[in-house]
Amino acid sequence: MGNYILKIKSIDNVTHDVLRITIDKPVGFDFVPGQATEIAINKKDWLKEKRPFTFTNLPTDDFLEFTIKTYPEHKGVTNELLHLKQNDELVLHDVFGTINYKGEGVFIAGGAGVTPFISILRNLKSKNEIGNNTLIFANKTKADIILKKEFEELLGDAFINILSDEKIEGYHHGRITEEFLKTSVSSFDQHFYICGPPPMMKSIEDQLINLGVHKEHIVKETF
Ligand SMILES: Cc1cc2nc3c(=O)[nH]c(=O)nc-3n(C[C@H](O)[C@H](O)[C@H](O)COP(=O)(O)OP(=O)(O)OC[C@H]3O[C@@H](n4cnc5c(N)ncnc54)[C@H](O)[C@@H]3O)c2cc1C
């Protein structure tokens with residue numbers, strides 16, 4: 001696949017530090033829910049700065065959507081995205097990704113690590129196949145939860161939130177542990193999809209193995 005220079009259709013906040021960016025979709029452009037692409041900003045000093053971001057729209061939509069957590073303190077690409085507006089341009093590179101849906105299971109995300117699951121779960125919903133899938137979403141605070149309302153509608157009680165930095169009634173508090181998983185998960189003989197920052201990934205994978213999950217049932221992507 002070649003590179004595409006594409007115009008931003010819209011750019012809005014979905015949380016205090018997460019942007020939703022939509023862009024025009026080129027004819028024939030295709031991806032599988034869970035896949036990502038490398039993006040650069042089409043401005044003189046930014047063209048070489050490519051960063052991976054995941055498609056969060058449905059493959060059948062006539063636009064492409066990204067849900068992007070911004071880090072102003074890095075002074076990198078996500079900070080620069082904060083200054084973009086409609087009709088500014090992004091450059092999309094190859095499509096890639098290791099997370100794709102293999103069957104019902106438990107999705108475990110940390111922060112922006114939820115993005116591959118947005119497209120996968122929206123796609124299942126569009127086919128009426130949400131089934132018994134569960135999403136465990138770990139964040140620092142309630143304000144950090146991306147698409148809270150949509151996940152509640154999509155998954156009901158199968159949307160489980162855990163907050164590390166805030167104690168709020170109705171939300172689990174702390175970090176994901178084996179004890180927490182034992183009380184939140186009905187079976188360890190199913191698929192587990194994990195996506196988040198490296199320390200979280202390592203810790204959860206170790207816990208799942210200890211709890212008897214088969215290695216081949218663990219599908220993961222490190223952010
Ligand atoms: C396959 C894949 C898919 C992804 N999809 C998404 C997605 O859909 N949505 C999403 O939000 N994220 C996603 N990510 C993560 C995303 O790619 C990064 O958050 C993004 O690259 C950060 O880019 P940046 O230029 O803003 O900062 P960085 O590239 O992290 O940093 C720019 C510079 O800032 C400096 N820096 C680094 N860390 C710090 C720090 N803590 N404090 C100060 N300075 C620092 C370094 O010098 C670095 O060179 C994905 C990652 C992968 C691997």
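Just so it is clear, the values below take in all heavy atoms, side chains as well, and ignore hydrogens, waters and symmetry mates. Remember, it's 1-based here, ligands and their atoms both numbered in the order they're listed.
Listed by atom number, the atoms of ligand 1 under 4.0 Å from Gly76 heavy atoms are 25 (O), 26 (O). Remark: ligand 1 atoms within the under-4.0 Å shell around heavy atoms of Thr78 are 22 (C), 23 (O), 24 (P), 25 (O), 26 (O). Those atoms of ligand 1 with a heavy atom of Phe96 less than 4.0 angstrom away are 1 (C). For ligand 1, the atoms lying closer than 4.0 Å to a non-hydrogen atom of Ala112 are 10 (C), 11 (O).
In terms of polar-atom proximity, Glu221 is not counted as a contact of ligand 1, lacking any N or O under 3.5 Å from an N or O of the ligand. Where the criterion is an N or O separation shorter than 3.5 Å, residue side chain and backbone included, Thr54 meets it with respect to ligand 1. Ligand 1 has an N or O atom lying under 3.5 Å from an N or O atom of Pro52, backbone or side chain. Considering backbone and side-chain atoms together, Tyr71 places no N or O closer than 3.5 Å to any N or O of ligand 1. Ligand 1 has no nitrogen or oxygen under 3.5 angstrom from a nitrogen or oxygen of Thr222.
Contacts between Thr56 and ligand 1 below 4.0 angstrom, taking non-hydrogen atoms only, are absent altogether. Contact annotation: for Val77 versus ligand 1, heavy atoms closer than 4.0 Å belong to both the backbone and the side chain.
Formation of a donor-acceptor pair under 3.5 Å by the His217 side chain with backbone atoms of Phe192 is not found in this model.
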For this session: Give the C-alpha distance, both sets of side-chain angles, the deciding distance and a yes or no for side-chain hydrogen bond (donor to acceptor under 3.5 Å, both in side chains) between Gln207 and Ser203.
Result: CA-CA 6 Å; Gln207 291 170 24; Ser203 151; 3.1 Å; yes

Exercise. Between Glu152 and Lys149, is a salt bridge (charged side-chain N to carboxylate O under 4.0 Å, His left out) present by the stated rule, with each step listed?
Worked result: CA-CA 5 Å; Glu152 281 168 356; Lys149 196 163 175 284; over 6 Å; no

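The aromatic rings of Phe151 and Phe137 lie perpendicular to each other, with more than 60° between the two planes, well past the 30° mark. By the 30° and 60° cut-offs, the orientation of the rings of Phe107 relative to Tyr101 is parallel.
Inspection of the Thr141 and Asp144 side chains reveals an N or O donor paired with an N or O acceptor under 3.5 Å.
Ile120 has its side chain out of reach of Asn133: every pair of non-hydrogen atoms, C-beta onward, lies at least 4.5 Å apart.
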